[in-house]
Amino acid sequence: MATSTESTELIQVESLNAIDLFTAGGVDNIVKQIKEKVEAHVPDLETAKGRSEIASLAYKVARSKTILDGLGKDLVADRKRELAKVDAERKRLRDDLDRLRDYARQPLTEWEEEQKRIEEAKRLQAEKDQAEEEAHAEYALRERERVVREREAEIARQEAERKAKEEAERIERERKEREERIAKEAEDRARRDAEMALQKEREARWRAEREKIEAEARAKAEREAAVREAERKAREEAERKERERLETERKAKEEAERKAANKRHQKKITAEALESAIDAGFEAQVAATIIDAIVAGQIKHVTINY
């Protein structure tokens, strides 16, 4: 248990009762008291003394945690010792009554085991009878399956003969249809060739006129395309310059944000290093002076990894 000499200046240990502390909102009350004292402190990072006071305040909070947790551990240990005695008596009570229960039930237990042996003999005989019935049923089933297989084989043979006949008829029918199709295709091809010759003569006449019109249209389109290309290049150049301006602004903003983040990270690492030095046993003022010297590069071969 913590004594009255263990003071953190944030709590009065001698006035605490462990049972009251860890029941009925006691933890909330003590945390509130410590929080009020921490929030009342005005941090000063400009001077070594101010930084030392910050580290000292953090150490006092950590020390308060250790003292309060120790009160809880002692309380739990006392309760566990009392409960262990009760558990030992409970086990002895259970073991004695279990033996007495088994002794009182022994005649019934022996009778039940005899009944189980009788029932097991009946079950084995019933399984034997059932196995014989199943063997007879299996033989009858195999005979029925053999007859079915023979009948299916005959049906399959007849079906194969029918399909072979149908296949021969189909081949003959397709041969006749193919010959008729070839004759019709030759007739259609001759008619299409005549129509195509006439169509080619007509196409030659209007192709010359179309090429003349297309040449004029291409010349006009090329002139218009040259104008559009010049406008497009001017527009793309303006867009490129705008993108470069925006990219320059974005990089400058990101660089400023990165520097600010690095500064916050370095500040956090320095504070954690100071707290570790205090936890290792250094006085807060000495720990702060050492950390400042390391940050300033005044201690050879020693750095802080950010």
Side-chain angles (χ1 to χ4, degrees), residues 35 38-39 41-48 50-51 54-55 58 170 173-277 288 290-306:
K35 182 179 179 184
V38 170
E39 292 177 345
H41 177 261
V42 179
D44 177 15
L45 296 172
E46 301 299 326
T47 65
R51 294 190 293 271
I54 294 173
R170 182 187 64 78
R173 183 171 61 254
E174 289 179 352
R175 184 187 65 78
K176 291 180 179 180
E177 292 175 350
R178 183 167 56 256
E179 290 176 352
E180 292 174 356
R181 184 174 64 256
I182 292 172
K184 186 175 184 304
E185 287 175 353
E187 182 182 350
D188 293 341
R189 188 180 306 109
R191 185 178 62 256
R192 287 195 302 273
D193 290 344
E195 294 175 348
M196 186 175 297
L198 179 61
Q199 180 67 22
K200 287 181 178 180
E201 182 181 353
R202 293 174 181 173
E203 289 177 352
R205 289 196 300 270
W206 60 260
R207 185 181 299 113
E209 181 65 23
R210 185 187 63 190
E211 290 176 352
K212 178 181 177 182
I213 296 172
E214 289 177 349
E216 295 175 350
R218 281 196 299 272
K220 180 180 179 182
E222 289 173 356
R223 291 193 298 273
E224 294 175 349
V227 174
R228 289 195 299 272
E229 179 65 14
E231 293 175 348
R232 182 187 64 78
K233 289 182 177 180
R235 185 170 57 254
E236 289 180 349
E237 179 63 17
E239 292 173 351
R240 183 186 63 78
K241 290 181 178 180
E242 178 62 14
R243 287 195 301 272
E244 289 178 351
R245 183 185 67 79
L246 294 175
E247 180 65 13
T248 299
E249 292 178 355
R250 182 187 66 77
K251 289 181 177 179
K253 182 179 179 181
E254 289 180 351
E255 180 62 18
E257 292 174 350
R258 184 187 65 77
K259 289 181 177 179
N262 285 343
K263 186 175 181 180
R264 290 193 299 272
H265 178 68
Q266 290 176 358
K267 183 177 179 181
K268 176 177 178 292
I269 294 301
T270 301
E272 291 177 351
L274 178 60
E275 182 178 351
S276 297
I290 292 172
I291 297 301
D292 289 342
I294 293 173
V295 172
Q298 297 173 352
I299 300 179
K300 293 182 179 180
H301 311 301
V302 180
T303 59
I304 295 178
N305 291 325
Y306 294 105

Full working for salt bridge (charged side-chain N to carboxylate O under 4.0 Å, His left out) between Lys212 and Glu216
CA-CA 7 Å; Lys212 178 181 177 182; Glu216 295 175 350; 5.1 Å; no
NZ/NE/NH1/NH2 to OD/OE distance under 4.0 Å, [X] and [Y]:
X	Y	result
Arg240	Glu237	yes
Glu272	Lys268	yes
Asp188	Lys184	yes
Arg232	Glu229	yes
Arg250	Glu247	yes
Arg210	Glu214	yes
Arg218	Glu222	no

When you compare the side chain of [Y] with that of [X], does any pair of heavy atoms fall below 4.5 Å?
X	Y	value
Val227	Glu224	no
Gln298	Asp292	no
Glu203	Arg207	yes
Ile54	His41	yes

[atom1]/[X] to [atom2]/[Y] distance, rounded to the nearest 0.5 angstrom?
X	Y	atom1	atom2	result
Leu274	Ile290	CG	CD1	10.0 Å
Glu236	Arg243	CD	CZ	8.0 Å
Lys253	Arg258	NZ	CZ	16.0 Å
Arg178	Glu185	CZ	CD	11.5 Å

Checking Arg181, Lys176, Arg175 against Glu179 for salt bridge (charged side-chain N to carboxylate O under 4.0 Å, His left out), the one that qualifies is Arg175
Under the side-chain contact (heavy atoms from CB on, under 4.5 Å) criterion, do Ile291 and Arg51 qualify, and how do the steps go?
CA-CA 11 Å; Ile291 297 301; Arg51 294 190 293 271; over 6 Å; no
Kindly write out the residues that satisfy side chain to side chain contact (heavy atoms under 4.5 Å, CB included) with Glu195, not counting sequence neighbours, or none if the list is empty.
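Per chain and number, Glu195 pairs via side chain to side chain contact (heavy atoms under 4.5 Å, CB included) with Arg191.
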My understanding is that only residues two or more places apart in sequence, or in another chain, count here; which of them pass side-chain hydrogen bond (donor to acceptor under 3.5 Å, both in side chains) with Thr248?
none
Taking salt bridge (charged side-chain N to carboxylate O under 4.0 Å, His left out) as the definition, give me every residue that meets it alongside Glu242, ordered by chain and number, with sequence neighbours left out.
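So Glu242 forms a salt bridge (charged side-chain N to carboxylate O under 4.0 Å, His left out) with Arg245.
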